[in-house]
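Working notes, beginning with the structure itself.
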Amino acid sequence: MRPQDQEFVVQEVTGRLLGRAREADRDGGPTVEALVHDTIYHERRRLDEERDPRERAEGLAWWKLVGRRMGRASEAEQFRIYEEVVERFAREVLGRFNPLVYEVACRAVPVGLGFLLNAVSPRLLGRGFPRLPDVGEAVVVQGRVDELRRLSRRGTVILAPTHVSNMDSPVIGWALHTLGLPPFLYGAGLNLFSNPLLSFFMHNLGAYKVDRRKTASLYKEVLKEYATVALELGYDNLFFPGGTRSRSGEVERHLKLGLMGCGLRAYVQNLREGRDRPEVYVVPATISYALVLEAETLIADHLKSTGRSRFIITDDEFSHPRRVLQFVGDLFRLDGRIYVTVADPVDCFGNRVDAERGVSLDDRGRAVDTRRYVLVGGKPDHDPQRDAEYTRELGLAVVRQFARHNVGLATHLLAYSAWRMLRARRPGVDLYRFLRTTVAEDSLPMGELARDLERLLAEVRGLEDRGEIRLDPRLPRGDPQAVADEGLRGFGTYHTRAALYRRGDRVHPAHMELVLYYRNRLAGYGLEGDRT
Amino acid sequence: MKGRDAAGVLGGGSWGTTVAWLLASKGHETLQWVRDPAVRREIQEGRTNTRYLGEGLRLPEALRAVDDLEEVARRSTVIYAAVPTKAMREVVRALGDHLSGDHVLVSCAKGLEAVTGTRMSEVLREETCCRKIGVLSGPNLAREVAAGQPAATVVASRYDEVIRRASELLVSPRFRVYGNRDVVGVEAGGALKNIIALASGMVRGLGQGDNTRALLMTRGLAEVSRYGVRLGADPLTFSGLAGAGDLIVTCSSPLSRNHQVGYRLGRGEGLEAILADLGQVAEGVNTTRVVHQQARVLDVEMPITDGMHRILFEGSTVEEVTRDLMTRPSRDEIDRVVLAT
């Protein structure tokens, strides 16, 4: 963020939240007193668990003082305290910021993915890594890239990718860099900052801090308002609308809409203030990996009875430098690719956008005047109930784009076939029991697996022809055995136990949770064997 | 230049004309798009719509029948679409050329699109740029409403603004309007009750009495609810006007077309002959076909719908189906799974 905008954002966020609190107070909503006490309660609970003694002591002291002041504050004083709390959060989110580095970054430093990936594990920098991999080979940016470029010039863009791995942020950072786009602002989880080198880049490639341990609703309001004001100022933003990494491996079908709604708020605000280029566009994207760094942890978490899964995972593969290094090494040895696929852009109401003309189109291809959606008594204005519904529509459109631009890779296809064949043998068995009791002895004849894979490929190609999914463009055509081999080769590396491996003429399952994880990438398309 | 303060209605049938009459009777300038030139002329010049509503109903001067969709879109922001389900997509697509994001569209047609089974609110969404979409449904026999007898209906929408605006225009001391956020439930109730109405008419045609009809209606409502809930509806919607209310009126009144078709089936007439003779649309026949198909995909148990499908399209006799329905294994009356959803 430009230095001159930083103070403005803090003031604007604080001012708006204060205004809203006054309104709520007047209209019989929650009082500032209740809001502040709720925040104190959540912050104290968090700080009790805080491991850093300095942060713990400083935090607890601050909130204790706030609590004491609230106790004897007049109404006016209560609003002042509320304002201080909001401002504290806003400044935290903004974080440290080095304008100089930002300027340099904006002029597009050729930062290689290899460097970024190595930055993930600084201790390993220079420690026997053969060579920096050729990034242009490894990350393929495809899809509606011209549209993304055009819209970023025409208005403000929210890039909304699928999310499976902590590698997603550097990968997207690289993709944006290769497209010659300036850095996008994005709210990165604190764990990404825990790594000093990556943290440096995150800060300076536009990252602001999101501390997901802070559960107070006021903190979330500050985050949303921060993103809104930044969008109004014309900063392109990166949101992962799934909220957190997909645990099951499936492409997101339910989004966290809170942050997504910021686009519409910014758009309406831009119209109200008569700003130039008021449009906010949402550009969904998918990121497809043949292997996922944290797959084992994520699927295990998913299966830990759905609903009880952890929202924040800090002890996964990403936090083990050796695993990251091995992952990167295997990825390049495999000649593996990461596909970043830019999907069709949409507006804040879920309409497609013709990037060339900068015009929204309805489902029948007719131009839409989006201003008309937000008129209240003839003037553009917010209407929270209405806007939440518009954002729900946007979410549906994004989910549709995710599915259509998801890229099926050999590992996904092989896992899908193997899973459905094994499952067909024991159809009535409970999923957990099936996972536990399917062992290496339950092997599949290679020939049968290849034949099933051939059928699956035909099914998926049918979907691809209708534009409902993408397939790895390098996938060998008309040769299911080659697809199986590529999948097996992938599974043979990196993971501690291969999902599937081949012995002679048979393919054995060795890690059914991983088979499930990778087959899930093709779930939800109504392919045969869709139900687990 | 004239403003955009008129109310719009699409359709010159009995319900479209009744809705237009309700609006215009309150003094709202009302533009009613009517495709049939003869009906349009009669409304415009004779102030009646005898083909659908008989001689009795005088249409107020505030109502104007037009043939131009563009004018309806330009002059009104709230538009009630009361064309038959099979014409809805085509008419609304044409209207869509003239719509913008501030229009409010309300579907007044009960039924699902043939073949696809798409709900009418979804058709409005697909064929226009509009988001502010709602549905109007309830126990509303057009002739009784038009006679000024006390009645009530439901406007359902995900948008509070749609519920508010579409209700305000219609409400009167003789016509109450309730709001509901559950669009799916209200639409499912309005569409699927026609299947039960066919069956109910058939029971009468067979000379069976009120016990049988009560059984049919109650268990019919249970399966309609099951279907709706599977699509995300609130089970409570089905105990309201658009669920039980509409089911009761459609199954009881001899005015209902679906009831008439069922009655004649019960008397032993063939479906084709009945439909050829009737002249008007009986939505229930089509609804039976698409819901039967959807229920299999959705894995929803719908014994009465399946039974009607067998009679209408698979050559089963009424006796066979009745026997099969009556000898199904017993189960708990209240479906806890549905309620828990």
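Here is the naming used below: chain letters follow the sequence lines, and residue numbers restart at 1 for every chain.
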Atom CG of A:D276 with >12 non-hydrogen neighbours under 6.0 angstrom:
no

Do NZ/NE/NH1/NH2 and the carboxylate oxygens of A:R386 and B:E161 come within less than 4.0 Å?
no

Taking CZ in A:R531 as the centre, count heavy atoms belonging to other residues, nucleotides or ligands within less than 6.0 Å. Is the count above 12?
no

Part of A:E389 within contact of chain B (heavy atom distance under 4.5 Å):
both

Counting heavy-atom pairs under 4.5 Å to chain A, which of B:V162, B:L99, B:D102 comes out on top?
B:D102

For B:Y159 against A:E393, the heavy-atom pair lying closest together:
OH-CG, 4.1 Å

Per-residue contact mode, A:R392 against chain B (heavy atom under 4.5 angstrom)
side chain

As a quick check of understanding, evaluate side-chain contact (heavy atoms from CB on, under 4.5 Å) for B:H98 and A:R366, giving each step before the final call.
CA-CA 10 Å; B:H98 315 291; A:R366 295 172 294 215; over 6 Å; no

B:Q293 CD: over 12 foreign heavy atoms closer than 6.0 Å:
no

Salt-bridged, A:D363 to B:R125, with N to O below 4.0 Å?
yes

Rounded to the nearest 0.5 Å, what's the gap from CZ on A:R364 to CG on B:D97? Could you check?
11.5 Å

Of all heavy-atom pairs between A:D362 and B:T128, which one has the smallest distance, and what is that distance?
OD2-C, 3.9 Å

OH of A:Y373 to SG of B:C129: how many Å apart, nearest 0.5 Å?
4.5 Å

Value rounded to 0.5 Å, distance of CZ in B:R158 from OH in A:Y390:
13.5 Å

Any chance you could measure B:R131, atom CZ, to A:L394, atom CG, to the nearest 0.5 Å?
10.0 Å

B:C130 SG to A:R372 CZ distance, which is reported to the nearest 0.5 Å:
10.5 Å

Got more than 12 heavy atoms from elsewhere within 6.0 Å of CD, B:E168?
yes

